[in-house]
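One structure below.
Only heavy atoms go into these numbers, but all of them, side chains included; no hydrogens, no water, no symmetry mates. In listed order, ligands and their atoms are each counted from 1. Note that the structure is predicted; figures quoted are calculated from it, not measured.
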Amino acid sequence: MKDLILEMEHYASQNNVPIIELDSIKFIMKYIKLNKVKTILEIGTAIGYSAILMANANSFCEITTIEKDEKRYREAVKNVNKSGLDKRIEVVYNDALDVNLAGCKYDVIFIDAAKGQYIKYFEKFSNYLNKGGVIITDNLKFHGLVKNKDLVKSKNVMGIVNKIEKYIEYLKTNKEYITKFYDIGDGLSVSFKRNEQRVNID
Ligand code: SAH
Ligand code: MG
């Protein structure tokens with residue numbers, strides 16, 4: 001398993017695949033372990049790096065992970081098969097906004113796909129959250145650019161930064177969910193329904 005993880009890290013750096021930072025995945029794995037998480041939905045598989053690590057946090061959690069890029073999807077399936085976790089990780093090749101998950105509920109929903117669509121993902125997938133579950137979002141700092149907009153050179157990047165800012169505002173003002181923000185890795189948030197927090201996350 002260690003070799004596969006290193007191999008994936010190498011592939012990601014060679015191919016510019018934005019995999020999760022170490023501190024962030026450690027935080028999520030700890031949450032999965034402490035809360036005996038059974039079901040996870042991940043939006044944005046890339047090559048399966050975070051999915052495989054989350055599946056390693058305990059021996060029983062089951063993960064559905066969605067990826068819309070064909071090359072990355074194929075790479076993820078290959079890695080999941082190599083990891084021997086194919087019974088617990090299902091990789092879905094589709095745009096997350098087109099996927100129908102009717103009847104499914106998840107203890108953890110991990111949002112890690114297109115940064116400009118975070119509000120859309122939250123609105124759609126919060127319907128699939130189990131009682132007591134959490135929605136975790138990655139990359140809220142967007143490499144520090146959210147705090148330092150002066151550093152942003154391109155219009156495209158500024159568009160994403162503005163959308164992340166809107167998402168943070170959306171979470172802060174959401175009446176149904178309480179969100180805690182963590183200065184870990186590239187910035188993480190953990191949202192849970194009011195009055196439903198199960199275990200301390202710190
Ligand atoms: N979670 C991964 C990294 C994901 S990178 C890890 O930490 O290992 C974000 C991925 O989301 C990219 O591979 C991108 O192709 C995918 N993506 C972006 N928008 C998407 C959408 N609407 N539906 C599904 N996947 C999407
Ligand atoms: Mg990320």
Side-chain angles (χ1 to χ4, degrees), residues 1 4-32 37 40-57 61 63-80 82-83 85 88-101 104 106 108-126 128 134-146 156-157 159-161 163-164 167-168 181-191:
M1 182 61 72
L4 176 63
I5 299 296
L6 289 173
E7 202 183 292
M8 282 192 278
E9 286 170 357
H10 181 73
Y11 179 96
S13 79
Q14 294 292 304
N15 295 276
N16 290 319
V17 181
I19 57 170
I20 193 165
E21 289 190 27
L22 196 58
D23 287 344
S24 308
I25 192 67
K26 277 190 181 158
F27 175 91
I28 296 172
M29 288 171 80
K30 192 169 152 196
Y31 179 88
I32 293 170
V37 167
I40 301 170
L41 173 67
E42 177 180 63
I43 318 300
T45 317
I47 59 168
Y49 181 76
S50 50
I52 288 171
L53 284 170
M54 289 192 286
N56 269 294
C61 63
I63 304 177
T64 299
T65 178
I66 309 172
E67 174 56 54
K68 71 168 184 185
D69 180 85
E70 187 177 3
K71 187 171 171 217
R72 289 188 179 170
Y73 161 77
R74 285 181 193 279
E75 197 60 33
V77 169
K78 203 171 84 191
N79 288 328
V80 167
K82 271 194 199 168
S83 74
L85 290 162
R88 292 205 282 127
I89 302 176
E90 183 194 4
V91 189
V92 176
Y93 173 45
N94 205 342
D95 188 311
L97 294 173
D98 294 333
V99 170
N100 183 350
L101 297 166
C104 299
Y106 302 91
V108 169
I109 297 175
F110 179 42
I111 299 180
D112 194 21
K115 316 307 163 207
Q117 299 183 318
Y118 275 1
I119 295 182
K120 280 190 191 156
Y121 300 140
F122 193 100
E123 301 237 289
K124 172 171 179 175
F125 295 108
S126 50
Y128 301 105
V134 294
I135 300 175
I136 301 179
T137 310
D138 190 26
N139 304 103
L140 294 180
K141 294 202 292 187
F142 203 54
H143 321 296
L145 295 177
V146 176
N156 239 344
V157 174
I160 296 173
V161 169
K163 282 192 170 156
I164 294 177
Y167 180 64
I168 292 171
F181 295 90
Y182 294 85
D183 195 7
I184 296 174
D186 196 27
L188 273 186
S189 65
V190 179
S191 311

Do the side chains of E75 and K78 get close enough for a salt bridge, i.e. N-O under 4.0 angstrom?
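Salt bridge present between E75 and K78.
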Protein N, O or S atoms less than 2.8 Å from the Mg ion (ligand 2), ignoring waters?
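The answer is D112 OD1, D138 OD2, N139 OD1.
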Who are the ring-ring contact (aromatic ring centres under 6.0 Å, His included) partners of Y93, not counting sequence neighbours?
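Per chain and number, Y93 pairs via ring-ring contact (aromatic ring centres under 6.0 Å, His included) with Y73.
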Closest heavy-atom pair and its distance - L53, M29:
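Closest heavy-atom pair between L53 and M29: O-CE, 3.2 Å.
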Looking at residues at least two apart in the chain, or sitting in another chain, which of them share a side chain to side chain donor-acceptor pair (under 3.5 Å) with E21?
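Counting only residues at least two positions away or on another chain, E21 forms no side chain to side chain donor-acceptor pair (under 3.5 Å).
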Short question: side chain of T45, backbone of I66 - any donor-acceptor pair under 3.5 Å?
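Here the side-chain-to-backbone pair exists.
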When you measure from the side chain of D186 to the backbone of H143, do you find a donor-acceptor pair of N or O atoms at a distance under 3.5 Å?
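Side chain of D186 to backbone of H143: a pair is present.
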I need the contact residues for ligand 1: any residue with a non-hydrogen atom closer than 4.0 Å to the ligand, ordered by chain then number.
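Residues near ligand 1: P18, I19, I20, E42, G44, T45, A46, Y49, S50, I66, E67, K68, D69, R72, N94, D95, A96, D112, A113, A114, Q117, Y121.
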Heavy atoms of other groups near K124 NZ, more than 12 under 6.0 Å
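Counting other residues, nucleotides and ligands, NZ of K124 exceeds 12 neighbours.
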Between Y182 and S24, does any side-chain donor sit less than 3.5 Å from a side-chain acceptor?
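On atom types as modelled, these side chains do not qualify, holding no pair under 3.5 Å.
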Establish, from distance only, whether the side-chain atoms of E42 and T65 form a donor-acceptor pair under 3.5 Å.
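A donor-acceptor contact under 3.5 Å links the two side chains.
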